[in-house]
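Take a look at the structure set out below.
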Amino acid sequence: MPELPEVEIFVRELAPDLAGRTVTAARVFWPRTVAAPTDEEFSARLAGLRFDRFDRRGKYMLLGLSDGSTLIVHLRMTGKLRVLPGDAQPDKHTHVVLDLDDGRSVHYTDPRKFGRIWLVDDPAQVVDKLGPEPLGEAFSPADLAARLAGRSAAIKALLLDQRIVAGVGNIYADESLFRAGIHPARPGSSLTSAEVERLHEAVRAVLAKGIEQRGSTLGDSVLQNYLPPSGRPGRAQEGHQVFRRTGMPCPVCGTPIARIVVAQRSTHFCPVCQGGEWAIGSGE
DNA sequence: ATAAGGCCCTGACCGC
DNA sequence: TGCGGTCAGGGCCTTA
């Protein structure tokens, strides 16, 4: 699933291909993919606009256009954006195609149809609820502690809440909690300040390494959930310590990695390294 | 206000 | 081989 590192690589790879290109036509095959405005208005407004800015907020791609509006793309589970030759045929999973003035086309494909695209005047209309960028200065141990205060939900669930911190998904949540040595089911408010500091460091380190390794490509055929526009798979999955490693030895202590469900998400952790002795109300 | 559960979707996988 | 059932999963919506 594309999370912050994967989306970052997407934007970086798309930028040189799209910069200065003008959209000549927009074709929508699955209207629900376009969250706003209506698909007719989407196509009508997009024609004639030129890409000139490229940014990311959390897991959202922000593609700026020449009239000041922004094309926002969220890939969710299985969305992909590729720049293809103009004669490339849309396949059964292609939901939106943007034709460009250089004869090529941007294809949005998404087998799960969970991804969404917006065309808005102000990106805040879509991303204003997001918490701080984890790699930015606004994200500090104090900020994280404040957002966790009084929260009884599992820390794993809170890490997945985009209002706490933007861009962390299932993979990097598990990896961050492992790096910080924190059990994923711990109530958010039960973390000590030392643990919050470790978690803050872990989130940043894990995401930064994910970007460095160009994201995690956990392929399974059509559902290959992440392949950047260049088609070069990422390598971050090779560094995963716990994610989808159920039963395999913990890289630190050798204990088999366990899998539980937290917040309806599969969750992987080391029962020993991640606080085997924790219990609600036990202190320490 | 927070927490928990359902929903959207469909390929993959399992059992028969 | 084919069919039915189940699962995964981010974000949004509803319910308590």
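All values below were derived from every heavy atom in this structure, side-chain atoms included, with hydrogens, water molecules and symmetry-related copies excluded. Below, chains carry the letters A, B, ... as their sequence lines are ordered, and counting in each starts from 1.
Scanning for salt bridge (Lys or Arg N to Asp or Glu O under 4.0 Å) contacts around A:D121 gives A:R45, with sequence neighbours left out. Residues forming a ring pair (Phe, Tyr, Trp, His ring centres under 6.0 Å) with A:H107 (at least two apart in sequence, or on another chain): none. Looking at residues two or more places apart in sequence or on another chain, you find a salt bridge (Lys or Arg N to Asp or Glu O under 4.0 Å) between A:D17 and A:R104. A:R147 pairs by the side chain to side chain contact (heavy atoms under 4.5 Å, CB included) definition with A:P132, A:D143, A:I164, not counting sequence neighbours. Here A:F54 pairs with nothing under the ring pair (Phe, Tyr, Trp, His ring centres under 6.0 Å) rule; sequence neighbours left out.
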Where protein sits on nucleotides 7-12 of chain C, one letter per nucleotide: B base, S sugar-phosphate only, - none, heavy atoms under 4.0 Å: -BBBBS

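Rounded to a whole Å, the NZ atom of A:K129 is 15 Å from the C1' atom of B:dA1. Distance, A:R32 CZ to B:dC8 C1': 6 Å, rounded to whole Å.
Formation of a donor-acceptor pair under 3.5 Å by the A:T24 side chain with backbone atoms of A:D101 is not found in this model.
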With a cut-off of 3.5 Å and sequence neighbours excluded, list every side-chain donor-acceptor pair involving residues 204-213 of chain A.
unit_1, atom_1, unit_2, atom_2, d
A:R204, NH1, A:P134, O, 3.4
A:R204, NH1, A:G136, O, 3.2
A:R204, NH1, A:F139, O, 3.0

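Within the 4.0 angstrom heavy-atom criterion, no nucleotide atom of any strand lies near A:R116.
Note on residues 153-163 of chain A: pairs passing side chain to side chain donor-acceptor pair (under 3.5 Å), not counting sequence neighbours, are A:K156-A:N170, A:K156-A:D174, A:K156-A:T267, A:D161-A:R163.
Axis angle, first five pairs versus last five pairs of the helix from B:dT2-C:dA16 to B:dC16-C:dG2: 50°, rounded to 10°.
Side-chain N/O atoms of A:S152 include none lying less than 4.0 angstrom from OP1 or OP2 on B:dT2. An OP1 or OP2 oxygen of B:dT10 is reached within less than 4.0 angstrom by a side-chain nitrogen or oxygen of A:K113.
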